[in-house]
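Everything below concerns the one structure shown next.
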There are 2 protein chains.
Amino acid sequence: MQRSGDEVPARVGALLRIVGRVVRFGALLSGTLRCGMALQSCVCKLSKRLCPFGERVCNLQKWASPAGRTCFPYHSDRRLYICNILRQSGEAERMKHKKVTLGEIARVAGVSRATVSLVVRKSPLVADRTRTKVEQVMADLDYVRDIGAARLRNNSSRTIGVIVPNLLNSFFTEFLSGAERVMREDDRVVLLANSHDDTSRQNDILQRFRGHGVDGVILCPAEGTQPELLTRIQGWGLPMVQSLREVGRDLTDYAGADYIEGVRLAVQHLVGQGHHRIAFLSVTARTSAREERRNGFARALAETGAEDAGTVEAELTWDGAAGSAAKVLALPGRPTAVLCFNDILAAGLMLGLRRAGREPGVDIAIVGLDDLPLAQLTYPSLTSVAMLPEQIGALAARLLVRRLVDRAAPIARSIVAPALMIRQSSCKKAD
Amino acid sequence: MQRSGDEVPARVGALLRIVGRVVRFGALLSGTLRCGMALQSCVCKLSKRLCPFGERVCNLQKWASPAGRTCFPYHSDRRLYICNILRQSGEAERMKHKKVTLGEIARVAGVSRATVSLVVRKSPLVADRTRTKVEQVMADLDYVRDIGAARLRNNSSRTIGVIVPNLLNSFFTEFLSGAERVMREDDRVVLLANSHDDTSRQNDILQRFRGHGVDGVILCPAEGTQPELLTRIQGWGLPMVQSLREVGRDLTDYAGADYIEGVRLAVQHLVGQGHHRIAFLSVTARTSAREERRNGFARALAETGAEDAGTVEAELTWDGAAGSAAKVLALPGRPTAVLCFNDILAAGLMLGLRRAGREPGVDIAIVGLDDLPLAQLTYPSLTSVAMLPEQIGALAARLLVRRLVDRAAPIARSIVAPALMIRQSSCKKAD
DNA sequence: GTGAAAGCGCTAACAG
DNA sequence: CTGTTAGCGCTTTCAC
């Protein structure tokens, strides 16, 4: 079955509906279905493209015969195209995965690639009629803009990298959640990596991110990160904000919580409960967060006149903290209260204390920091200071976005104010 | 200060060391430093590039004068280049962020871009001497391969997308952690997004991922996801594995835990503890995970002969679960034990029960599912069934990698075996 | 082994 | 407002 171009109805193009990547024919052309092809295997082909694009057709026979396929023409706004029905799924399959490009949208819509590009980028420079036409075609063909290709031209991948030291700690995953949310609101996408608090992995990740052309990075520096790293990153021209932890001071934008104030709230609360000998359960990993919390502790003690009953260090796990209970109890300062580096340690310590025959919240007061969700679940429930990591993540993301927009902006800090959450573990001092 | 090309020592090139993106000069040329320029601002320029690349220099004077800069030549393996000292940081800055490309490596190493490309991709087709030379230059210039540009040619971005419904639930973040780990081991990078269990956001994310050219997707389908979505994704030619939740059955690769077996373990344990009237605290969100757990519950009851004491539904929060305690206690089936959809609900339920004057683990047995870390912290500690989400994440990643390698591979399932973790909440039945 | 040339899909600059 | 042109940095033939 072959038809000459002359037989084609004048406005056949208008009857074509393109749905997904399969061409559906209008009534006028339904006769072609008699070829015995399933509707789904009807694919318009031109220059190896799926869908109804084609060069100008001069000689239908010439197109129809050599390939041994049944063809028929239709025309779109400006040109007469050839629609070529593929016999077998083999070729159809191969085409199915051929990308729909800007150029094809342009061809179908009868405009230039530049115009389509403008439409895609929502430029005001394009006429409304043109825009809607192009948008219609994009929707019909299921066009997806290739951001990677765009980046090659304009150096904006709309991708940012987030590096956290531990994905099993909900403090960091809440942080991540906030960052992801804001980035998505700003139409960006997050590349995620876990440094496991290892600087060499962190380097590795940074290189990889660089190779992927990220626009910027949110970094919670791994333990032991040197300030040189920051200058190196800046040397790459890679915008960065540090968060939760900070290397150096004011070397980059930074989002975090006011750890010192948080610790002060905790200590004041304990002192208010009548405690005057307070110990600190710290963590082994040396980060700015640790230093701030420790300094805050010393400062708060000085302010309140309470006594430093000593510091114990534990690994950042429940077991580690539980195991440190004995050391805490053996502290020469005979603490009546313990402030913990974070809730994970606090929860572990409470387990360990109970194993050692002491009732946390009764015999000894415990306060955590961070107010992770688990603080509500421990027994007794854990008094803690909320640091709002989800918010910090969001702030970090906003700082980064701001910097992407204006690289020369002055270095900024976003600090969230902590909030004391009083629960049962911070009992009044037993007499 | 100008020198003619003739005055340049024959093997000056050999004395050049390129460190980072700054050129350091060997002793032979140290005289040039007398110009009064800081070493750091010495930048080799050619065609706006940083570092010592240049066209062949025919006429040194011509290069030196018009730009008003001090120049001197050196030669590399094959060609004579010009090294141009920039006066001001203005221009130097602009250049600093100019990318080092394959072509520049090639020019410096004196080979073709194709050869460098082969080296980068570790092809065996390149001579050892050439390889080491090229690698040296890459290290010197701090070359980073642009994966986005590579993808444009070869359609492999080494990027995969992971879509989870909730980043605040550690079940999913542990999952994520496993997936990220495996992907990084395989030298891939993870694009992360949070669907918030919303199908329209999920669509949005998928489009965005598509635009970023991900090689594949790991999907924990949002509540209400239709099987059509899967066929659509497949229609895009986008490899995908489902995980933790499944839409349809065997439509795609799948990694998960054997929820039914997990529930069976829990019920058997409870029955072994003397409980015969068991309730189920379920969740409102309708997902395959919920259905499997419910079905498993029914089946396990049938197997053990225990009695279904009724089901209560709660929102997936502590408050929701705590609030449901009254309903659980009012169940006409008078349960002596409650199996909970997951640990979050179990923990919340225990809080609620205690508020209602019942002692969980004493008056009523509680078992959770998932064995989140928090199970060890509740009081009493929570008996739960470990589903090992970190492992599931890793398995999902491996399934996806496998499919990327062989798209025609048969559809596969990876199911991890759950493990019962007995703790205090699953007391023997009170008499 | 290596080099030259042709794109991948997109956008910036400029000319109409 | 729209079209033309010239690449972005890389890989892939296909010669040599």
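Below, chains carry the letters A, B, ... as their sequence lines are ordered, and counting in each starts from 1.
Of the side-chain N and O atoms in A:Thr115, one or more sit less than 4.0 angstrom from OP1 or OP2 of D:dG3. Between A:Arg151 and the phosphate of D:dG9, there is no side-chain N or O to OP1/OP2 separation shorter than 4.0 Å. The phosphate of C:dT2 has neither OP1 nor OP2 within less than 4.0 Å of any side-chain N or O from B:Arg113. At D:dC1, none of the side-chain N or O atoms of A:Arg131 fall inside 4.0 Å of OP1 or OP2 (strictly under the cut-off). One finds no side-chain N or O of A:Thr130 lying less than 4.0 angstrom from the OP1 or OP2 phosphate oxygen of D:dC1. Residue B:Ser117 places at least one side-chain N or O under 4.0 Å from the OP1 or OP2 atom of D:dT11.
The interatomic distance linking B:Ile147 (CD1) with D:dC8 (C1') rounds to 16 Å, in whole Å. Between the P atom of C:dA12 and the CG atom of A:Asn155 lies a distance of 10 Å, rounded to the nearest Å. Between the CG atom of A:Leu118 and the P atom of D:dT4 there is a distance of 14 Å, rounded to whole Å. In this structure, CZ of B:Arg107 is placed 13 Å from P of D:dC10, rounded to the nearest angstrom. Nucleotide D:dG9 holds its C1' atom 12 Å from the CD1 atom of B:Ile105, rounded to whole Å. Taking atom CG on A:Leu125 and atom P on C:dC14, their separation rounds to 15 Å, with Å as the unit. In this structure, B:Arg121 places its CZ atom 9 Å from C1' of D:dC10, rounding to the nearest Å. Atom CG of A:Leu102 and atom C1' of D:dT4 are 14 Å apart (whole Å).
A distance-only check finds no donor-acceptor pair linking the side chain of A:Ser156 to the backbone of A:Asn154 [under 3.5 Å].
Side-chain atoms of A:Val100 and A:Asp142, non-hydrogen and from C-beta on, never get closer than 4.5 Å to each other.
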### Message
As a quick check of understanding, evaluate side-chain contact (heavy atoms from CB on, under 4.5 Å) for B:Met138 and B:Val119, giving each step before the final call.
### Response
CA-CA 10 Å; B:Met138 294 198 306; B:Val119 171; 4.3 Å; yes
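Of the two residues contacting DNA chain C, namely B:Ser112 and A:Val144, the nearest-nucleotide position lying further toward the 5' end is that of B:Ser112.
Contact of B:Arg153 with C:dG7 (side chain to base): a donor-acceptor pair of N or O atoms is detected under 3.5 Å.
Here the side chain of A:Val111 is nearest to one of D:dT11, D:dG3, C:dG9, namely D:dG3. Closest to the side chain of A:Val126, out of C:dT11, D:dT2, C:dG9, is D:dT2. Side-chain proximity of B:Ala127 to the nucleotides C:dA12, C:dT2, D:dT2 is greatest for C:dT2. Out of D:dG9, D:dT11, D:dG3, the shortest distance to the side chain of B:Arg145 is found at D:dT11. Of the listed nucleotides (D:dG9, D:dT11, C:dT11), D:dG9 has the atom at the smallest distance from the side chain of B:Thr101. Closest approach to the B:Asn154 side chain among D:dT11, C:dG3, D:dG3 is made by D:dT11 (side chain taken as heavy atoms from C-beta onward).
For the 3.5 Å distance criterion, the side chains of A:Arg121 and A:Ser117 qualify, holding a donor opposite an acceptor.
Residues B:Val217 and B:Leu400 approach most closely at N-CD2, 3.7 Å, considering heavy atoms.
Counting non-hydrogen atoms under 4.0 angstrom, B:Ala114 reaches a base of the nucleic acid.
Atom NE2 of residue A:His212 and atom CZ of residue B:Arg188 lie 10.0 Å apart, to the nearest 0.5 angstrom.
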